**Student:** 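Got a structure for you, questions after.
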Amino acid sequence: MTLPDSVRSHASGVMPAPVIAIDGPTASGKGTVAHRVAARLGWSVLDSGALYRLTALAVMRAGIDPDNVSAVAHQAECLDVVFETGRTLLAGADVSADIRQEVIGNLASRIAPHAPVRQALLERQRAFRLWPGLVADGRDMGTVVFPDAPLKVFLVADVQARAERRCKQLKEKGFSANLESLMEDMRVRDERDRSRAVAPLVPAPDALTIDSSNLGIDETVDAVLDLWSKRRFP
Ligand code: DC
């Protein structure tokens with residue numbers, strides 16, 4: 001009997017599962033695109049930003065100073081998190097909505113430059129790499145976490161388009177949102193994510209850039225799937 005490649009490779013333990021890495025700035029649409037690409041391929045998905053947001057929420061709730069690197073890293077190491085379809089639990093409580101608040105996104109961006117925090121979250125992220133494949137979205141998926149990913153996409157969109165999307169998302173979730181202040185927050189966050197010394201937001205040398213400013217979600221998903229269909233894996 002001939003086993004399918006995926007099962008054979010998995011069983012032999014020789015070949016790591018394929019990864020599509022989707023990196024990009026905040027609100028570039030990478031989360032939605034990653035979920036839809038994963039659904040189309042029947043793969044799992046890693047929202048790495050959620051781990052930074054969960055750490056930020058744990059830090060805030062524990063009243064820890066975000067500049068206290070070792071205390072923040074300790075929170076990241078001890079993160080008691082469960083990802084379920086459609087909801088995320090922190091220490092058993094549903095925090096899916098809490099981690100989407102802008103204040104938590106901004107705090108996540110403040111603690112993300114700490115190297116020990118990134119180190120504490122590294123293996124947790126790599127553990128998501130299972131057959132038949134993983135779509136991983138974040139800032140450093142293609143550069144640090146999965147440098148051997150067979151497809152790396154850098155998803156960009158201009159700040160106006162991103163702020164409009166985020167504004168809509170927040171309002172749909174029942175939060176208040178102001179376009180001008182969102183654009184300003186995004187500029188600050190992008191600059192901090194890009195200029196940090198550890199794992200900055202930069203495309204991997206072998207990443208392919210997709211500009212989604214004028215693309216709908218379906219078109220962006222199709223563009224990523226098209227790139228994947230042209231890859232020969234393994
Ligand atoms: O993708 P997001 O907006 O949920 O991410 C929130 C913050 O977490 C982002 O501003 C920077 C940080 N982050 C990171 O440093 N590395 C990642 N791979 C994902 C997120």
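Counting starts at 1 for both ligands and their atoms, following the listed order. Everything numeric in this text was worked out from a predicted model, so none of it was measured.
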**Student:** Would you call D185-R189 a salt bridge at under 4.0 Å N-O?
**Tutor:** no
**Student:** Do you reckon W43 sits in the same ILVMFWY cluster as V33, going by side-chain contacts under 4.5 Å, direct or chained?
**Tutor:** yes
**Student:** Go through it in stages, so that I can follow the logic: the residues are E102 and R166, the test is side-chain contact (heavy atoms from CB on, under 4.5 Å), and I'd like the CA-CA distance, side-chain angles, deciding distance and then a yes or no.
**Tutor:** CA-CA 10 Å; E102 282 306 284; R166 178 56 55 82; 3.0 Å; yes
**Student:** Just wondering, do D65 and V59 contact through their side chains at under 4.5 Å, heavy atoms?
**Tutor:** no
**Student:** State if R192 counts as touching ligand 1 under the rule of any non-hydrogen atom under 4.0 Å.
**Tutor:** no
**Student:** Just go through V198, D47, D193 and tell me whose heavy atom is the nearest to atom 10 (O) of ligand 1.
**Tutor:** D193
**Student:** Give the residue and atom name of whichever protein heavy atom lies nearest to atom 1 (O) of ligand 1, and the separation in Å to one decimal.
**Tutor:** R139 NH1, 2.8 Å
**Student:** Nearest 0.5 Å, please: how far is OG1 in T88 from CG in L51?
**Tutor:** 9.0 Å
**Student:** Can you tell me which residue and heavy atom of the protein come closest to atom 20 (C) of ligand 1, and the distance to 0.1 Å?
**Tutor:** G49 CA, 3.5 Å
**Student:** State the atoms of ligand 1, each with its element, that fall below the 4.0 Å cut-off from a heavy-atom position in T26.
**Tutor:** 3 (O)
**Student:** Kindly confirm or rule out an N or O of D140 lying under 3.5 angstrom from an N or O of ligand 1.
**Tutor:** yes
**Student:** Tell me which part of R196 gets within contact of ligand 1: side chain, backbone, both or neither, using heavy atoms under 4.0 Å.
**Tutor:** side chain
**Student:** In the protein, which heavy atom is nearest to atom 8 (O) of ligand 1, and how far is it?
**Tutor:** Y52 CB, 3.4 Å
**Student:** For atom 16 (N) of ligand 1, what is the closest protein heavy atom, and at what distance to 0.1 Å?
**Tutor:** R118 NH2, 2.9 Å
**Student:** Supply the atom-to-atom distance F146 CZ to L46 CG, rounded to the nearest 0.5 angstrom.
**Tutor:** 5.5 Å
**Student:** In terms of side-chain heavy atoms, does S109 have a donor or acceptor partner in R192 at a distance below 3.5 Å?
**Tutor:** yes
**Student:** Which of the numbered atoms in ligand 1 are under 4.0 angstrom from any heavy atom belonging to K30?
**Tutor:** 1 (O)
**Student:** Around atom CD of E219, are there more than 12 heavy atoms from other residues, nucleotides or ligands closer than 6.0 Å?
**Tutor:** yes
**Student:** Say whether S48, considering both its backbone and side-chain N or O atoms, lies within less than 3.5 Å of an N or O atom on ligand 1.
**Tutor:** yes
**Student:** Are R118 and Y52 linked by a side-chain donor-acceptor pair shorter than 3.5 Å?
**Tutor:** yes
**Student:** Closer than 4.0 Å to some heavy atom of S109 - which atoms of ligand 1 meet that?
**Tutor:** 10 (O)
**Student:** Just wondering, are more than 12 heavy atoms of other shown residues or ligands nearer than 6.0 Å to CG in D148?
**Tutor:** yes
**Student:** Considering only non-hydrogen protein atoms, determine which one is nearest to atom 3 (O) of ligand 1 and report residue, atom name and distance to 0.1 Å.
**Tutor:** R53 NH2, 3.0 Å
**Student:** Among all protein heavy atoms in this structure, tell me which lies nearest to atom 7 (C) of ligand 1, with the distance rounded to 0.1 Å.
**Tutor:** A108 CB, 3.7 Å
**Student:** Check ligand 1 against M141 and write out every atom of the ligand that is under 4.0 Å from a heavy-atom position of the residue.
**Tutor:** 18 (N)
**Student:** When you measure from atom 12 (C) of ligand 1 to every protein heavy atom, which one gives the shortest distance, and what is it?
**Tutor:** A112 CB, 3.8 Å
